[in-house]
Each structure stands twice: as structure tokens, then as C-alpha cells.
Chemist: 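I'd like to ask you about the structure that follows.
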Amino acid sequence: MSNINFLKPNKKNINLFLFLGILFFTLGIFDFCLNNFYESNITGFLPGFISFFSPLIFCMIGLYFIRIEFSGFKILDELNKNINTNNFNAALSVSIIILIIFSATPLLNWFILDATFIGDSKEACTGSGACWVYIKTWFNRFMYGMYPNAEQWRVNATFIIVLGLMGAGYFFPLKYRKYLTFYYVIILPIISFLLIYYLISGGEFGLEWVETGAWGGLSLTFIVSFFSLIFCFPIGMMLALGRRSDLGVVKYSSLSFIEFWRGVPLITVLFMSAVMFPMFLPDGTYVDKLIRVIVAITLFEAAYTAEVIRGGLQALPRGQYDAAKSLGMGYWRLHLLIILPQALKLVIPGIANTFLALVKDTPLIFVVGLLELVGMLNLAKTNPKWLGFSMEGYVFAGIIFWIICYSMSKYSQSLELKYKTDR
Amino acid sequence: MKLKKILPQIITLLFIVLIFGFFTMNAQENMDTRGIQFGFGFLKQEASFDIQFSLIDYDGSMSYARAYLVGLLNTLLVSFIGIILCTLLGTVIGVARLSSNYLIRKTASFYIEFFRNIPLLLQIFFWYFAALRALPMPEDAPLLFGSFFMTIKGLYTPAPVWNNFDIFLITLIIALVIIYFFNKFAKKKQEEEGKQYPKFLISLGIFIILPALSFVVGGVDLSWSFPKLNQLALTSFTYKGGMGIPPELIALTLALTLYTATFIAENVRAGIQGVGKGQKEAAASIGLTSGQVLKLVIMPQALRIIIPPTTNQYLNLTKNSSLAAAIAYPDLVLVFAGTAMMQTGRAIEIVGITMATYLTISLTISLFMNWYNKKIAIQEK
């Protein structure tokens, strides 16, 4: 016990070193918290530079003391292995811990502690935090755009029915399973289109007509992404097959189509659909803005989908083609029954990324004057009664988009695992 | 059998011709009724609108072609800065994602999951309308690091003032040429005689010494002009001198960098993971140091995996820079497809030129990258 080497923490005096380590670490964090929240510096007597880094130094000394190999404590060993292997790692870990404490408190204050939740006007927001009243007041607008309040049940009803129809595929009896693709690719889009046409747009069956210019908010985001997703997939598949075809004209027209759409930004495509496309139609024809936008996004994303699917087609071994041909299968049977099912399985992550990109691209439709969620935010921001709450709006939209995209990517990962077949 | 091959091609061709014919016919008719002539003559007319931020001399009395050039340069500027920054950030995050330190690993993956699941446009709006608007007015802005001002009107930095800049540039180019030939020479020597030179140190030396000589001998002179607060009216202040970077550029670069870096980080991670563990062990077992293992064994193989998808991200970044139009950064889309089109009303020509420009940029970069890819691909014997 008499000669303890403090430069070499060892197992023999583990309790002492643990005590010292935890003491120094706590001291470091305590020092930082005092500095940060109470603006009092307990190490102020030291020169400025050292004083500034004192929390880091204290924490590192603490971590140094507890860096004992094979200590016998499972938690300590895990801790050392994961965040405390050497001095450099310890410094990084401490910096991150300090950074988390540093940023977490203002965020927490802004989001919850200092935020205003109750009230119905701008005057209610007196705290220094977020004004969630703003989101609450404008919630309907953010969800449904300029759609009349009394008619919003129609939007909800449509979404519920379409979601139900989409889920219905899971409950198909085994006997009809082979029609599932047919159902998703042909029947579902038609039913959804009719629903949206008659229920959301209205004008018949005693429903009030609501023009597409009034649609907006998150529901418009969903409508645009839904149709673009459904249509871009079959088109992309045809383009991918076309690009790999050995018929010259088919191959090069698919190739140039794909390269064209992949080479231009979506915003110019939307510009084209807004100002250039009407010039290409016979005089007096009018195609609804929303349809033009959906067609533009569909063609744009179809090119990307085509490239992803082509990757899957290329990854399949030649033997699959040869085997199917030797069974006497023609082009379409070969592709539909043998090649595509395997290729599509391979490209699930790529397809999911394309779909995610599509959802994230929908806010761009503001260039043609359609206001989905982000567009509505920008509109609400300029309302004279509610000036100065742009931060809350963007954070709100960010959270919504993040939830949508994150859950989509997690779902695609689970699909990937589900359909994974080892070769 | 023949028919089976020819018929689909004829149908495709017919389809394409019909659609194009239909569109052209209608366009012709529509333009006739409106009395517009198709043509690019308008490019020479006076633009008569101002552009806030331009890299070359420009004012309203110049032509539409000049305005187009200003927009194009602004687009290239923001893409260039964005590509460099997102490569740096992406590499750091990608390596951090593979760190043995739990906290670093999780922080990196949190960053990736956070920034890539939020639409880029929303991020641009956030930085421009929410974050940068919270900055102080010019008169209240504190001095940062002795020479910067971060204000609501942008970032003001010292600007370099050169004397005989061209001489400096020439020595720089000469230095690069010498370094290129030296490296070639060193490689040849190593292959023939097994002799190794400290390539990096010598190159760095040449790179520093030659331009430095130009200061001593060539009469090159560099001084800095610092931004100073200047009162225009009672409540209106600006900065004089120095270099002003507009907030639009800052917001756009920030958003593009943070967003694209997430994808590059994933590419870097996949590339490093894609190099087999055996490679590292084999290299270590023949006695290479860990630096040599990274430089000679891991990186050349990892780069082969990293470069193709990363090129795609560079292209995406360039195309995404067109979102600048949403926050009024005068890029190609805003200046040309926005303002110029409003004034001239020539939708077909202008949208066509804009798309052709982006198409050219994209195809050029992908051609270059294909060439590079072929160069670094494994040469099988």
C-alpha cells in the first residue's frame, strides 16, 4: 500500500483509482457546468488558456485513472473498451460529452421549458422559447393548405380509404396472390385517382368543387408523392429493360431519355412544365397544374429508378438468362418470371433511396405556385399577424419530414432483410 | 424472326416522331398566333436588370448573354465551394463512422441520419430565413478573430490586395509543373532502381519556396484590406473595404455542404469497409507501417469503390444548387430562367438553354469521371 504509482493505474489499488477517476471526471463536468450556466469560473486563478481547457483536462485525468485493463468490473471494462482506449480517444469522448451538455440545455429550453403551448394569438408568446401556439393556430393550413375547413373530412376520408386499399394486399387469399402486382400497378392507381377526383376535387354527388390551386399542405405532399411513386416504378422498369435491349432504336432512345432527365435539375423540369409545356399543346387545351407537376416529377424520377433497376439487372449472373432461355421462355416470360423478381430484390435499397429523394423533392413544386407544407410555411411566415416565427415553422416541418423519411428508410431496411436470399 | 426484331423498333420510332411532331407543330402554331419568332437574337439585347452578386463586371446595360454568364459563374462558384467542403466534411464523418470510439461513431451516424432525412429546400430555408436572420445588424456586429464581421447582411472578411498578381500565378503554375515532372521522375526511379525519394516533402518544398521567391524577387506584394463600418445615414450602416459574402451564398453553401456530406460519408464508409480485412493484415505482415498500409494498400482500393458514387453526389450537388432560386441567390436558374424569361417571354429558348447548360455540365463531369475510373480500374493481366 505504501508505494502507489499514480502514473500507472493498476488493479491492485483499483478502489483508490476508481475513486480518484470519478472524482476528477465529476470535477471536470462540474467545472464546465458552472462555467456555462452560472458564469462563475472556479479555475479563474489559472492563466486564461489553461482555465478555458480546465474541464477537458480534469475529465481526461479522471479517465486516465480509470483506464485499468482487466479490472474485473464488467461495466468498467466495457467503458474502457468503447470510449477510453487511449488519451486521444478519451479527449474526443470528453469533447463530445461536453458538446452534448452544451447544446442540449438551450435546445431543451427552447423546445419545452421556455416554450409557449397555450393561447391563440401571437400575444400569448412571451417566453424566450418556441411559440408552439403558432403551429397550433396554423395547423389546419399546414395540413390542408387552402382547402375549406368544412370540407377537410373529404381529404381525411380519401387518405384512410387509400391506405386501407394499400394494406389490403396483405390480406389477399393465397389463391389470388398472383394478381397482387396487377392490383398494385393498375387497379390501385385507378381507384385512387377516381377517389381523389370525385372526393377531394368534388363537383359531383352534391360535393362542393374545390380547385387544385386550393389544395396544399402536407396532404398535397402525400398526393404528389403517392402518384409519382406509383407511376415512376413501371416506367422506370420499362426504361431499364429498354436500355439493356439489343434493338438499336429502343436502346438508344431509352438511353437518351434517361440521360436527359438525369442531367437536368428538377427545378428546371418544373419550370418547363409550368411555362414551356403549355406552348406545346394545341391552343385552348388546358392541363391542370397539379397533373403537369405529377407528370414532370414522375418522368424525372423514372429515369433515376431506371438506372437503379439496371444495376440490379446487371448484377444477375448470365446463367439465369441462359437457363430460362433453354427452357424455351420468350423475352417477356423470361423477364417477368425469372429476371425481374430477382433483380428487384437486389435493388430494394436503391429504389428506397430514389423514393426518399422523391418525397424530399416535393417541396420544389412551389416554383409552379402549388403550396405544400414548406410552401405553406413560407406563406404563413409573411402573415402580418404572425411575423417572426419562421424558426418554429421550419423546425415543425423538419420534424415531420424527418419522421416520414426515417421510417421509410427503416422500412426499406426491414424489407431488404425479409427478401434476402443467400446464394 | 426478323419481324420480331424490327417491329418494336419501328413502333418506338413512330411513337417518338409522332410526339415530337405533335409538340413542334403546336409550338409553331402557338408562336404564330402570338407573333413570336423562334430565335436566339434576344441574347444580344440589353438586359436592363441588375444582379446583386456577380463575379465579373456586370450592369443593367449589358446583354442577356452577359447576364447568362454571370448566372452560370455564380452556379459554378457555389458548386465548387460546396464540392470541396462536402468532400472534407464527408470524409471526416465517414471515417468517424468507423471509429472504435462508441461516442464518435454514434455522433457521426446521428449526423448522417439527421441531415439526410430532411428535404434540402427546407434546410436552405432554415439557414436563410431562420438561422442567419438571427444575426446582428452591421452596427452591432462584434469583431471575430480580429478581422471578421458576421452580420445579417453577410460575412465580411479581409480581402487580399495584390501587386503583380500575374507573376505570382505564373510561379505557382511553374511550381505545379515541376512537381508533376519530379513525381514522374521519382516513380520511374523507384520502379527501375528501387530508390525512394521523400516525394511529399520535396513537392511541398517546391510548392512553398517558388511562390515565396516571387515575393522576394518578382516584386509581388500582398496586403489585406480590412472591412470598416461606414455610416450611410442615421440608421443605415454598411462595411467599406474587405470582401462581403452575401447571406444567400452562405446559407446555400451551408445547406448543400451539410446535406451532401451525409451521402459522401456513407460512400467513404462503404469504400473503407469494402477493402478486405486480409489486405490490411497482409500489408502489415510484410512490414509496412500503418501510414504506408493506409496510403499504399487501403486507399487505392477504397477509392475505386468510393469515386463512382461520389461523382454522382457532386453532380447532384451541382444540380441542387439550382434551389438557389428559392432564396434569391442569383444563380443560372434565377437570373436566366427567372428574371430574363419574365422580361423576354421566350420560354422555349430560355428553358432550353438552361437545361442544355446543366446537361453539358453533367455530361462533362461524368465523361471525365468515366475516364478517371478507367484509369484507376484494376488492370487484369
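Lettering follows sequence order; numbering is per chain, from 1.
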Chemist: Go through the atoms of F15(B) and report whether side chain, backbone, both or neither lie under 4.5 Å from a heavy atom of chain A.
Modeler: neither
Chemist: Counting only heavy atoms closer than 4.5 Å, note whether L359(B) contacts chain A via side chain, backbone, both or neither.
Modeler: both
Chemist: Using side-chain heavy atoms (C-beta onward) and a distance below 4.5 Å, is E307(A) in contact with T354(A)?
Modeler: no
Chemist: Top residue by heavy-atom pair count (under 4.5 Å) with chain B, among K251(A), M408(A), R262(A)?
Modeler: R262(A)
Chemist: Is A326(B) in contact with chain A via its backbone, its side chain, both, or neither, using a 4.5 Å heavy-atom distance?
Modeler: both
Chemist: Side chain, backbone, both or neither: which part of V269(A) has a heavy atom under 4.5 Å from chain B?
Modeler: both
Chemist: Where does Q9(B) contact chain A at under 4.5 Å (heavy atoms): side chain, backbone, both or neither?
Modeler: both
Chemist: Are side-chain heavy atoms of Q123(B) and F115(B) found at a separation under 4.5 Å?
Modeler: yes
Chemist: So which of V351(B), L122(B), I118(B) has the largest heavy-atom pair count under 4.5 angstrom toward chain A?
Modeler: L122(B)
Chemist: Counting heavy-atom pairs closer than 4.5 Å to chain A, which one of S362(B), S366(B), A27(B), P119(B) comes out on top?
Modeler: P119(B)
Chemist: Quick check on the interface: out of L332(B), T12(B), L121(B), who has the most heavy-atom pairs with chain A under 4.5 Å?
Modeler: L121(B)
Chemist: Checking heavy atoms, do the side chain of L364(A), its backbone, both or neither come under 4.5 Å from chain B?
Modeler: both
Chemist: Between M329(A) and H335(A), is there a side-chain heavy-atom distance shorter than 4.5 Å?
Modeler: no
Chemist: For a 4.5 angstrom cut-off between non-hydrogen side-chain atoms, does Y358(B) reach L315(B)?
Modeler: no
Chemist: Which one wins on heavy-atom pair count under 4.5 Å against chain B: G398(A), A357(A), S93(A), S409(A)?
Modeler: S93(A)
Chemist: Using the six-membered ring wherever Trp is involved, compare the ring planes of F110(B) and F114(B) and label them parallel, tilted or perpendicular (cut-offs 30° and 60°).
Modeler: parallel
Chemist: Would you say M238(A) has more than 12 foreign heavy atoms packed within less than 6.0 Å of its CE?
Modeler: no
Chemist: Determine whether T221(A) and F401(A) make a side-chain contact, defined as any pair of heavy atoms from C-beta on separated by less than 4.5 Å.
Modeler: yes
Chemist: Could you tell me which portion of I96(A) (side chain, backbone, both or neither) has an atom closer than 4.5 angstrom to a non-hydrogen atom of chain B?
Modeler: side chain
Chemist: So do F271(A) and M341(B) actually touch side chain to side chain, heavy atoms under 4.5 Å?
Modeler: yes
Chemist: Contact part of N353(A) toward chain B, heavy-atom cut-off under 4.5 Å: side chain, backbone, both or neither?
Modeler: neither
Chemist: In terms of ring plane angle, is the pair F366(A) and F125(B) parallel, tilted or perpendicular, where the classes change at 30° and 60°?
Modeler: perpendicular
Chemist: Between R243(A) and E259(A), does at least one N-O distance fall below 4.0 Å, as a salt bridge requires?
Modeler: yes
Chemist: Which region of T107(B), side chain (C-beta onward) or backbone (N, CA, C, O), has a non-hydrogen atom less than 4.5 Å from a non-hydrogen atom of chain A, or is it both or neither?
Modeler: side chain
Chemist: Against chain B, work out which of I400(A), V275(A), L356(A) has the most heavy-atom pairs shorter than 4.5 Å and name it.
Modeler: V275(A)
Chemist: Which bit of T354(B) comes within less than 4.5 Å of chain A, counting heavy atoms only: side chain, backbone, both or neither?
Modeler: side chain
Chemist: Side chains of Y259(B) and N320(B), heavy atoms from C-beta outward: is any pair under 4.5 Å?
Modeler: yes
Chemist: Taking atom CE of M25(B) as the centre, does the number of heavy atoms from other residues, nucleotides or ligands within less than 6.0 Å exceed 12?
Modeler: yes
Chemist: Which one, A397(A), P265(A), P363(A), C405(A), leads in non-hydrogen pairs under 4.5 Å with chain B?
Modeler: P265(A)
Chemist: Given a strict heavy-atom distance threshold of 4.5 Å, which part of D246(A) is in contact with chain B: side chain, backbone, both, or neither?
Modeler: side chain
Chemist: Picking from V295(A), I297(A), V359(A), L299(A), what satisfies side-chain contact (heavy atoms from CB on, under 4.5 Å) with S228(A)?
Modeler: I297(A)
Chemist: Quick check on Y331(A) against chain B: is it the side chain, the backbone, both or neither that has a heavy atom closer than 4.5 Å?
Modeler: neither
Chemist: Name the region of I348(B), side chain, backbone, both or neither, that has any atom closer than 4.5 Å to a heavy atom of chain A.
Modeler: both
Chemist: Given heavy-atom pairs under 4.5 angstrom as the criterion, report whether the side chain, backbone, both or neither of F257(A) touches chain B.
Modeler: neither
